[in-house]
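These numbers were taken from a predicted model, which means no experiment stands behind them. Numbering of residues begins at 1 and proceeds along the displayed sequence.
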Amino acid sequence: MKETQISNSEKTFVQKIIAGGHRLDGRIYSETRNLQIAFGSDYGSCMVSLGETKVLAQVSCEVVQPKQIRPNEGIIFINVDISPMAAPQFEANRQTDHTVNLNRLLEKCYKDSKCIDLESLCIVVEEKVWSLRVDVKILNHEGNLIECASIATLAALAHFKRPDVTRVGDKVIIHSIAEKDPIPTVLYHYPVCLTYAIFGSDILLSDPSYIEEAVCMCTFEEGSAGGGLLVVGMNQYKEPCLLDLTGAAIHNVNIVHKAILSASEKGKSVVDVLKKAIISDDTLRLKRVKINYADIITTEHKQSLIKKDLSICLKNYNANDINPESDVEMDDDVQIVEPSKYDVVPTLPKTAELKVKAEKSAWIEISSEEDD
């Protein structure tokens with residue numbers, strides 16, 4: 001199924017309100033959506049919600065033979081899967097350009113940045129090492145998949161604990177959790193991919209939604225001024241680990257500098273939320289509290305792209321605030337009635353009113369003849 005194209009009216013409307021300093025969901029340019037991190041019953045199982053965008057990450061491990069060029073280092077593999085459950089334009093068991101790009105950015109952020117101590121995954125040099133596999137499943141696509149998947153991957157790696165190993169001669173014994181405490185993954189730093197949408201020549205939108213990403217990329221593909229996405233990988237020490245430029249960011253140094261300054265503060269706050277979530281999870285496990293995803297899976301969540309029309313959030317308007325009994329100064333000739341008690345009758349011209357009366361009387365006469 002092909003992706004639904006954005007209409008010209010929707011694109012023009014989004015561009016105008018963003019140029020005026022507003023966004024569809026009522027946020028400011030640098031404001032992000034609500035971030036929720038929840039862990040499953042197993043170590044390394046994590047679900048992240050960024051607004052309505054939801055990603056599930058699971059880390060697993062196995063003992064394999066190391067690579068010849070790095071005989072004393074473990075292996076890490078990241079696999080991203082976007083199924084039709086995330087959005088209707090994706091197909092099952094089929095790689096798309098979006099999936100390949102997302103997988104490539106995650107590998108650059110976590111493998112090339114050397115954030116994981118791969119030497120600690122070695123069991124026997126040139127013989128046995130641990131291989132970590134991170135399976136990232138996109139559950140709902142509502143924009144900014146890169147940032148949400150990045151947080152889920154980092155949270156799953158930081159939460160994962162592998163079994164302890166004992167070497168006796170040439171034999172390697174893998175202990176269960178009941179026998180020995182598992183060993184956590186060693187992370188040197190915590191990089192997070194942060195996404196910015198570019199509008200015009202100097203407008204950066206943090207954590208863009210689906211409609212904002214679509215309009216941004218549509219502007220870039222048309223060759224207009226501005227447009228494009230900017231992905232910045234930043235750790236808690238405010239050190240850049242990744243930079244992916246498209247569109248206007250390639251030709252404008254000021255936009256890149258502005259995004260890096262914003263990402264340095266935002267990345268540190270995301271890592272702080274992640275660490276607090278891990279500490280809270282460890283505390284609950286010590287208290288023998290049952291941990292699952294039931295707290296964040298509710299009926300209030302909606303599937304991606306369930307509404308084809310634009311939804312606008314007005315901060316200064318609330319329909320529940322309108323109360324007919326409130327002390328509001330109104331004119332004497334204005335009267336509020338409840339629709340359930342009174343029928344709303346439109347005012348018709350005299351000619352139309354006579355025509356309605358004629359049709360009504362004719363209907364009455366026909367019905368009276370049928371009754372006879």
Side-chain angles (χ1 to χ4, degrees), residues 1-6 32 48 50-58 76-113 115 133-157 191-199 204-223 226-234 240-251 255-256 259-260 263 267 270 304-305:
M1 180 178 178
K2 293 184 179 180
E3 185 176 358
T4 305
Q5 297 295 329
I6 303 296
T32 60
V48 174
L50 190 61
E52 290 299 328
T53 300
K54 302 184 184 302
V55 176
L56 175 66
Q58 175 68 54
I76 179 172
F77 177 73
I78 300 176
N79 178 48
V80 179
D81 181 24
I82 308 179
S83 64
M85 179 176 60
Q89 66 265 23
F90 298 105
E91 298 181 7
N93 300 324
R94 184 174 181 180
Q95 293 284 337
T96 62
D97 294 340
H98 196 75
T99 307
V100 174
N101 181 54
L102 182 59
N103 209 127
R104 180 178 60 85
L105 290 176
L106 291 178
E107 287 185 352
K108 281 186 175 182
C109 184
Y110 296 102
K111 293 178 65 175
D112 298 347
S113 65
C115 68
R133 177 187 175 94
V134 185
D135 291 299
V136 181
K137 182 76 172 180
I138 308 299
L139 302 179
N140 196 41
H141 178 19
E142 194 56 38
N144 200 4
L145 283 181
I146 299 177
E147 183 171 338
C148 190
S150 172
I151 298 174
T153 303
L154 179 62
L157 288 172
V192 180
C193 294
L194 306 173
T195 309
Y196 294 89
I198 305 173
F199 283 84
L204 282 176
L205 299 186
S206 178
D207 185 18
S209 61
Y210 177 83
I211 185 68
E212 291 171 346
E213 276 188 353
V215 173
C216 180
M217 294 307 298
C218 184
T219 305
F220 166 66
E221 292 174 358
E222 291 177 355
L229 292 177
L230 174 60
V231 181
V232 180
M234 191 72 64
C241 304
L242 171 69
L243 196 60
D244 185 73
L245 309 177
T246 57
I250 301 176
H251 309 286
I255 290 181
V256 179
I260 292 177
V270 171
S304 172
L305 309 179

Seminar exercise, completed: Rounded to the nearest 0.5 Å, the CD1 atom of Ile82 sits from the CD atom of Glu91 at a distance of 12.5 Å

Seminar exercise, completed: Rounded to the nearest 0.5 angstrom, the CG-SG distance for Leu229 and Cys216 is 5.0 Å

For this session: Would you give the length of the straight line joining atom NZ of Lys108 to atom CG of Asn103, rounded to the nearest 0.5 angstrom?
Result: 12.0 Å

Problem set entry | Shortest non-hydrogen contact from Arg133 toward Asn79 | NH2-ND2, 3.5 Å

For this session: To the nearest 0.5 angstrom, please state how far the CZ atom of Phe90 sits from the OG1 atom of Thr99.
Result: 6.0 Å

Exercise. Is there a donor-acceptor contact under 3.5 Å from the side chain of Tyr196 to the main chain of Ala263?
Worked result: yes

Exercise. Under a 4.5 Å cut-off applied to non-hydrogen side-chain atoms, are Cys241 and Met234 in contact?
Worked result: no

Problem set entry | Which atom of Ile78 lies closest to which atom of Tyr110, heavy atoms considered | CD1-CB, 4.3 Å

For this session: Check whether any side-chain heavy atom of Leu102 lies under 4.5 Å from a side-chain heavy atom of Val136, and answer yes or no.
Result: no

For this session: Taking the side chain as every heavy atom from C-beta outward, state whether Leu230 and Leu243 have any atom pair closer than 4.5 Å.
Result: yes

For this session: Examine the side chains of Asn144 and Thr195 and answer whether a donor and an acceptor come within less than 3.5 Å of each other.
Result: yes

For this session: Please report the closest heavy-atom contact between Ile146 and Cys193, naming both atoms and the distance.
Result: CG2-CB, 3.9 Å

For this session: For the pair Lys137 and Asp135, find out whether any cationic side-chain nitrogen is under 4.0 Å from an anionic carboxylate oxygen.
Result: no

For this session: Heavy atoms only: give me the nearest Leu194-Gly267 pair and the separation to one decimal.
Result: CD1-N, 3.7 Å

Problem set entry | Nearest atoms (heavy-atom pairs only) where Leu56 meets Leu139 | CB-CD1, 4.0 Å

Seminar exercise, completed: Rounding to 0.5 Å, atoms CG (Leu145) and CG (Asn140) come to a distance of 9.0 Å

Problem set entry | Residues Tyr210 and Thr53: side-chain donor-acceptor under 3.5 angstrom | no

Problem set entry | Atom of Asp244, atom of Arg104 and distance for their closest heavy-atom approach | OD1-NH2, 3.8 Å

Exercise. Passes side chain to side chain contact (heavy atoms under 4.5 Å, CB included), Ile76 versus Leu157? Steps please.
Worked result: CA-CA 10 Å; Ile76 179 172; Leu157 288 172; 4.2 Å; yes

For this session: Could you check Ser150 against Thr153 for side-chain hydrogen bond (donor to acceptor under 3.5 Å, both in side chains), going step by step and ending with a plain yes or no?
Result: CA-CA 5 Å; Ser150 172; Thr153 303; over 6 Å; no

For this session: Rounded to the nearest 0.5 Å, what's the gap from CG on Asp112 to CG on Leu242? Could you check?
Result: 9.0 Å

For this session: Check whether any side-chain N or O of His141 sits under 3.5 Å from a backbone N or O of Gly143 as a donor-acceptor pair, and report yes or no.
Result: yes

